[in-house]
Every structure is written in structure tokens, then in C-alpha cells.
Amino acid sequence: MKALTVVEGLVAPMDRSNVDTDMIIPKQFLKSIKRSGFGPNLFDELRYLDEGQPGMDNASRPLNPDFPLNQERYKGASILLNRANFGCGSSREHAPWALEDYGFRVVIASSFADIFYNNCFKNGILPIVVDATQIDQWFSEMAAQPGFSLTVDLPNQVIRDAQDNTVPFEVDAFRKHCLLNGLDDIALTLQDADAIRQYEDKRAQVHPWVFGQIK
Amino acid sequence: MFRQPQVSTKMAQTLYDKLWDAHVVSQREDGTALIYIDRQLLHEVTSPQAFEGLRLAGRKPWRLDTNIATPDHNVPTTVIERRSGIDGIADETSRIQVKTLDDNCSHFGVREFDMGSESQGIVHVMGPEQGATLPGMTIVCGDSHTSTHGAMGALAFGIGTSEVEHVLATQCLIQRKMKNMRIRVDGQVRNGVTAKDIVLYIIGKIGTAGGTGCAIEFAGTAIEALSMEGRMTVCNMAIEAGARAGMVAVDQTTIDYFKGRPFAPTGELWDQAVAYWETLVSDADAHFDHELVLDAEDIEPQVTWGTSPEMVLGVSAQVPNPEQADDPVKKAGIERALEYMGLKADQKISDIQLDRVFIGSCTNSRIEDLRAAAAVAKGQQVASSLKQALVVPGSGLVKKQAEAEGLDKIFTEAGFEWREPGCSMCLAMNADKLGQGEHCASTSNRNFEGRQGFGGRTHLVSPAMAAAAAIAGHFVNIAEQEVAQ
């Protein structure tokens, strides 16, 4: 996993609530057995005017000119600004894979769906919950100023705008640690292998039917 | 809407508290805990990258007897494609994915019901049916509808692929405890109102983010009156209310359901298990962070009109008018949904004309669902205006049972197609999908834009409503119909 410390970047808008994971990456692209290459199909149904299929040459597909990511001013954005309940729907990790592959490192919303929120941290993406009023203000500022950028400072847990106004944010200490250092949490959990074995021994005494039924 | 129950000073526990406590391996200072996972269900879509991760890191599964796999999301459902096994899957990427699951299971030694097995099916139908998922367990799967298994008094939730790999490698997950929410539905439901209508009604009340951060316990006399399959339908859609986990307390219905299932304990172990399972109820004075009480008699047969499960109304209602919305974001949401769905404000729900009907999915493809649909379809004919009406059983065993009861005949004689088990048109990863602009009455769980096919328009309903709509060509008030009969 890529480490994330400070992200200074252009912000792109996704101005609607309840953006679901089918919208982020439609199901036909879930047939891949790889983790990479989903970026060109991020928001496929909103981004292109035709129906996307795996294996298509995306460069020659008709683009929806109204969709922000197709507009010159948002090219190279690394921060995605959203409204409420971003990432609702399925547990597909292909959604953060697609965002990351496209180039987004930070997603900001007034609320996130739980599974999506959790999946982001496993893939070097920082999801940040910010008050809806502040988000409204950023949407307005973004509309008024092409090139609207923000600096997301994970060590200090603040978002800074060009005028040096700061908005603090919350992040779980363990998740922050993993993200800052790009850590694989399986290796960390395996440091507790003895505790896991002790738990299993104890549990097998009281709930023996849980173990050994599937062979 | 939510009232805050009084804080109890005693150590009374909710069902969720009990399940959580029984699985804590170690508590960490930052408030997270290492939680032990008793069962992992695997399918072809969210597992390949997890197995690949194990392989790349040179790791092995922590233990094998906790995992069980079956392909479901993109298996074909026509007899012709299924007849030749994996090689018969026409779509190359689907074929590779299903084959990859087989290869991974045989390489790592994971028990699998492959595509040729009679026990193959949708993971959330197969698990309970086999007794592979049991009360009191922690159950995960790389699929958000894992909440289904909470119906049996278990802690079950969907995870992403990185966590699938984490569970394979460590049998644990790092979790933060969720909040406790209880939704009570009291009283007796009206004619034609099913478990699906109850849960759609709940989502309509609390919204798709209403349960975010919570484990929801469904309770009350209307929930207690449901069969295990009905409870699974309710818990299945907890995620559509934003809650990763939904659950129902254990009672005699739960215990009777599991007796004799292939992987359920037997003999002395069974008695020991039952004694524990009977404790899996919330204590009388347990504290819930949120509580909602609904009256079952207020629930009509439900139909979604928009592009989110919270956009739902009783069948006798009219499509909302955006001009009456109280805030601009909501108004824009209704306008966008009406445009996508090709509906007019104030149009009657019962006037929506349908192109296709889909009966199936992890929400509604079990034997009782098929019986309910068949009871409506018996001796009737699918409307000639429909392009297709599909019935896709949830597993090979459901299919076999339905055929033994003659339900397949009832469906085919009425003009429905009778298919092989799989997820099918719920998410249209296989060949079963909607065409652009087509309206579908579907017993599945999501009506998102494009969910059932590019430009497709989904209306979520119960199996009985789907069957009645297939016959009429539009939605009908099945409650009134039943009274008339």
C-alpha cells in the first residue's frame, strides 16, 4: 500500500448524495481478477455516453462533456469532493481501487457508507468526513475559482485552503498509523498470533461445534 | 423519529453486545479490537485478489475448516450454458473468474460447492441452507448482503477484498464496535404484506444512511412472527439502510430451522449449541443508542419508484412531486431520479408499465419466496406486453425442492422462464440484464442507476407483487386483490 502523508491537490466535484459503488465502478468491470487497471472505468456510466465493457479502447469512447472529470479544469485532480453517504451499496473493493488508479488519494464527504470507508484505508486513500456546511462552501468556491485546490495534512489532521484557512478532521489512530507508513495490517495482526491461538483453544472448550464442521 | 431509551446502570447487554464480547481476541487502547471470525463465505468476484495476495506474501490460510466457497455472481442461469460446466460459460472474463475460484479452492484446500454441484447457489442462500452459518457465529463475506445471516442471531457483515485476505490469513479482523440500534415492528401485518415490504418500509422511514455506524436488531411481534427465511429477507437489506449488520434474536423458529442441516452439530454437540443459542437475545433492560418503533398495520405492499431503496412507497401511492420537497438537495435528487426512471411527478405507482420481471436474488430466492410467487401465478398468464419474466432459484437445493413441489410447472405454464441458480439479474454480471429504459419489477435489493443493466429501471418489490405485476403488466394492489378473492 502506498503511504499517504500530505496531499496538495486539485479538487474535483461529485455534486450529489448517495453516490453508490455501482456508480463508482459498474459491475461488468468486477470480472477482472486483478487489483489494477480500473481507473479508466471509474464512474463509467456517468463519464461516457456509451455502454462500457471490459477490454474496450476507452480512449475512443464518446465522453459525456457535462461530467466534471471530463472537463479540462479538473484534469489531474487528486481530491474528490462529495456530499452525503458516499460509497453506499456493495462491499466491492474495486470502488477504491478505481479511485486510486484514477489518481484520487483523498475523498471528502459529509458522510460515508461504512464498508466503503473502511476499504479506502486498505488502499492508500484517505476518506475525510467534513461538516455539510463546509462542503457547501467548498462547492461554491470551486465553481467560482478554476484551479481550486486544498492541502490535506494527515500528520496534523487538517485541511488547508489557499488562504491558509484550516479545517480539522478526525481519523482513527491505528488507521492513520498504517496510512502514514503504508503498512500491510495482516503482518501487524500476525504479531498477535499467540493471542489468536489462545482464543481458539478457549473457544473450542466452550463452543466446540464452531470448529471442524466444514471439511 | 428515534427516541433515546433510558440508560441502564446494570450490565444488561444487547444481542449485539453479547456476540461482540464472545469474539474479542484482544482489546486495543485506541478503541478497536481484534475480533475472531468463525465463518467466511467466498465467491468468485471478491476473492481472486485475496488469494493472490496470500500467494504473493507466501502465506497460507490460518485454518481451512472455517471457509466455504461457491460461485454465484456471474454464473450463467440458462440450462444450455450450464450443461457444459465452466467451459460452457460464453463470456470469457466470467469463465476465467469462475475457473479462478475453483483453482484457488483446490490449491489452498478450501471446501467449495462448484458450479456443477447440486448445493451450489447464492452464498447467502447456501450458507444457512447447509447449516454452514449458525447462530452465535461471526460471519463475513466479500459481499455487503452478508447481513442476511444475522437473521439467525449471528454477527454477520460484508467486507472488502483486503479484509477477505486478512481473514484468510489471520482468522481475525480489526474492528471498532458499532452502535446498537433496535427497530421494533409490532402488530400484525395486513394481507399481501411480506418480510420484503416490512424492510422496504423501514428503509423508507430511516433512509439509506439511517443505520450507518450501527448494528440493527430487528424485533417486535411482526418480526417474531416471520419464518427464518422472512427474517433473512429483512436482515439482507439492513445494508440498504446503511447498517453493515442486521440481526434477529434466537427463538424456537431459529433452532427448528437448523436442526438436521448438513453442517449443523448433532447429538450432544447439538444440545450444547442450543443451550448457548438460547442465550442470544437482548436482555430486557439492555441499552440501545437508537430505537424506533413501527406499527405493522401501517405497512402496505411496497414498490420503489426511484434510484435508491429509500425512494419507496405503498402501491396505492403516487410518485412524489419534487416541488413538494423541503430542501434543494432532496428536490434535485427526486428530479434526477424521475428523469432516470422515466416517470412523471404525481403519476400513480400502479400505472407504471413493466417490460421485465425478475424473481430471485439473495433477498428473495428461497423456497418460501418461490411458493409465494407461484401461488399468485398459478393458472394465470404473464402479460403479453412483457418481454421476459424470470424465476431464478437461490440454490440447486431450492430448485430441486421447487421442482418436487411442481412450482417450476406453475411458472413455465404461466409464461415465466425457470432458470438455474445464481445471482443473475440482481446485478446483471451474467447475461441476464435489462435493456436501456426498460422497467423491471424485481425482488432484488438495489435499484441504483444501471444496477440491472445500462439504463435499466428497477422497481424493488416482494415475490408476490412481482408475480402479480408480471400477470397484470403493471403494479397492482395485491392486498386488495387478496381481500377480493
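All of these numbers come straight from a predicted model, not from anything done at the bench. Letters A, B, ... are given to chains in the order of the sequence lines, protein chains preceding strands, and every chain is numbered from 1.
The choice from B:Ser308, B:Gly213, B:Ser26, B:Ala132 that makes the most heavy-atom pairs within less than 4.5 Å of chain A is B:Gly213. Contact tally against chain B (heavy-atom pairs below 4.5 Å) for A:Val210, A:Ile196, A:Asn119: the top residue is A:Ile196. Of the listed residues B:Ala273, B:Ser47, B:Ala332, B:Gly158, the one with more heavy-atom pairs under 4.5 angstrom with chain A than any other is B:Ala273. Interface remark: of the candidates B:Leu34, B:Thr266, B:Asn74, B:Ile96, B:Leu34 forms the most heavy-atom pairs closer than 4.5 Å to chain A. Of the residues considered (B:Gly160, B:Ala169, B:Gly131, B:Cys172), B:Gly160 shows the highest number of contacts with chain A, using heavy-atom pairs under 4.5 Å. With respect to chain A, the highest number of heavy-atom pairs below 4.5 Å among B:His145, B:Glu163, B:Gln130 belongs to B:Glu163. Chain B forms more heavy-atom pairs under 4.5 Å with one residue of A:Asp172, A:Val206, A:Asn18, A:Leu46 than with any other, namely A:Asp172. Interface summary for chain A: among B:Glu52, B:Glu240, B:Glu165, B:Met137, the most heavy-atom pairs under 4.5 angstrom belong to B:Glu165.
Between B:Ile174 and A:Phe174, the closest heavy-atom pair is CD1-CE2, 3.6 Å. Here the shortest heavy-atom pairing between B:Gln272 and A:Gln205 reads NE2-O, 4.4 Å. Residue B:Thr161 comes nearest to A:Arg35 through the heavy atom pair CG2-NH2, 4.5 Å, listed as atom of the first residue, atom of the second, then distance. Contact between A:Gly89 and B:Phe448 at its shortest, heavy atoms only, is CA-CE1, 3.8 Å. The minimum heavy-atom distance linking B:Ser144 with A:Ser91 is given by the pair N-OG, 3.5 Å.
In this structure, the separation between CG on B:Leu54 and CD1 on A:Ile186 is 6.5 Å, given to the nearest 0.5 Å. Taken from CD1 in A:Ile214 to CG in B:Asp65, the straight-line distance is 7.5 Å, to the nearest 0.5 Å. A distance of 10.5 Å separates CD of A:Gln28 from CG of B:Asp91, quoted to the nearest 0.5 Å. To the nearest 0.5 Å, the span separating CD on A:Gln213 from CZ on B:Arg39 amounts to 7.5 Å. Taking CG from B:Asp38 and NE2 from A:His207, the interatomic distance works out to 9.0 Å, rounded to the nearest 0.5 Å. Of the inter-residue distances, the one linking B:Gln97 atom CD with A:Ser32 atom OG reads 7.5 Å to the nearest 0.5 angstrom.
There is no contact between B:Val110 and chain A, counting heavy-atom distances below 4.5 Å. Heavy-atom distances place no part of A:Asp136 under 4.5 Å from chain B, backbone and side chain included. Of the two parts of A:Ser90, the backbone and the side chain both hold a non-hydrogen atom closer than 4.5 Å to a non-hydrogen atom of chain B. For A:Ala95, no part lies under 4.5 angstrom from a heavy atom of chain B. Interface residue A:Lys215: only backbone heavy atoms are found under 4.5 Å from chain B. Of the two parts of A:Lys27, the backbone and the side chain both hold a non-hydrogen atom closer than 4.5 Å to a non-hydrogen atom of chain B. Looking at A:Ala193, the atoms closer than 4.5 Å to chain B (heavy atoms on both sides) sit in the backbone and in the side chain alike. Residue contact with chain B, scored on non-hydrogen atoms closer than 4.5 Å, involves the backbone of A:Phe112 exclusively. Contact of A:Asp15 with chain B is made through the backbone alone, with heavy-atom distances under 4.5 Å.
With 3.5 Å as the limit, one finds a donor-acceptor pair spanning the side chains of A:Glu200 and B:Trp62. For the residue pair B:Ser162 and A:Glu93, a side-chain donor N or O sits within less than 3.5 Å of a side-chain acceptor on the partner.
For NZ of A:Lys176, the number of neighbouring non-hydrogen atoms (other residues, nucleotides, ligands) closer than 6.0 Å is greater than 12. No more than 12 heavy atoms of other residues, nucleotides or ligands shown are found within 6.0 angstrom of CD on B:Glu92.
Between A:Arg83 and B:Asp327 no salt bridge is recorded (no basic side-chain N to carboxylate O distance below 4.0 Å). For A:Arg92 and B:Asp143, the salt-bridge test fails: no basic side-chain N is under 4.0 Å from an acidic carboxylate O. With respect to the salt-bridge test (charged N to carboxylate O, under 4.0 angstrom), the residues A:Asp114 and B:Arg244 do not qualify. With respect to B:Arg28 and A:Asp192, a salt bridge is recorded, a charged nitrogen being found less than 4.0 Å from a carboxylate O.
Taking the ring centre of B:Tyr36 as origin, the terminal cationic atom of A:Arg203 falls outside the region bounded by 6.0 Å and 45° from the ring axis.
Under the 30°/60° scheme for interplanar angles, the aromatic rings of A:Tyr199 and B:His23 are found to be tilted.
With contacts defined as side-chain heavy-atom distances shorter than 4.5 Å, the pair B:Thr212/A:Ser111 does not qualify. Residues B:Tyr276 and A:Trp209 are in side-chain contact: their nearest non-hydrogen atoms beyond the backbone lie under 4.5 Å apart. At a threshold of 4.5 Å between non-hydrogen side-chain atoms, the residues B:Arg446 and A:Asp20 do not count as touching.
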ask   = Are B:Ile239 and A:Ile115 close enough, and set up right, to give a side-chain contact (heavy atoms from CB on, under 4.5 Å), and what steps lead you there?
value = CA-CA 10 Å; B:Ile239 186 67; A:Ile115 304 178; 3.9 Å; yes
key: Steps toward side-chain contact (heavy atoms from CB on, under 4.5 Å) verdict (A:Thr189, B:His166)   = CA-CA 9 Å; A:Thr189 299; B:His166 197 282; 2.8 Å; yes
query = For B:Gln49 and A:Trp97, what are the C-alpha separation, side-chain angles and deciding distance, and is it a side-chain contact (heavy atoms from CB on, under 4.5 Å)?
reply = CA-CA 11 Å; B:Gln49 297 87 350; A:Trp97 293 339; 3.6 Å; yes
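Using a distance-only test at 3.5 Å, with no hydrogens or angles considered, no donor-acceptor pair links the side chain of B:Arg451 to the main chain of A:Asp22.
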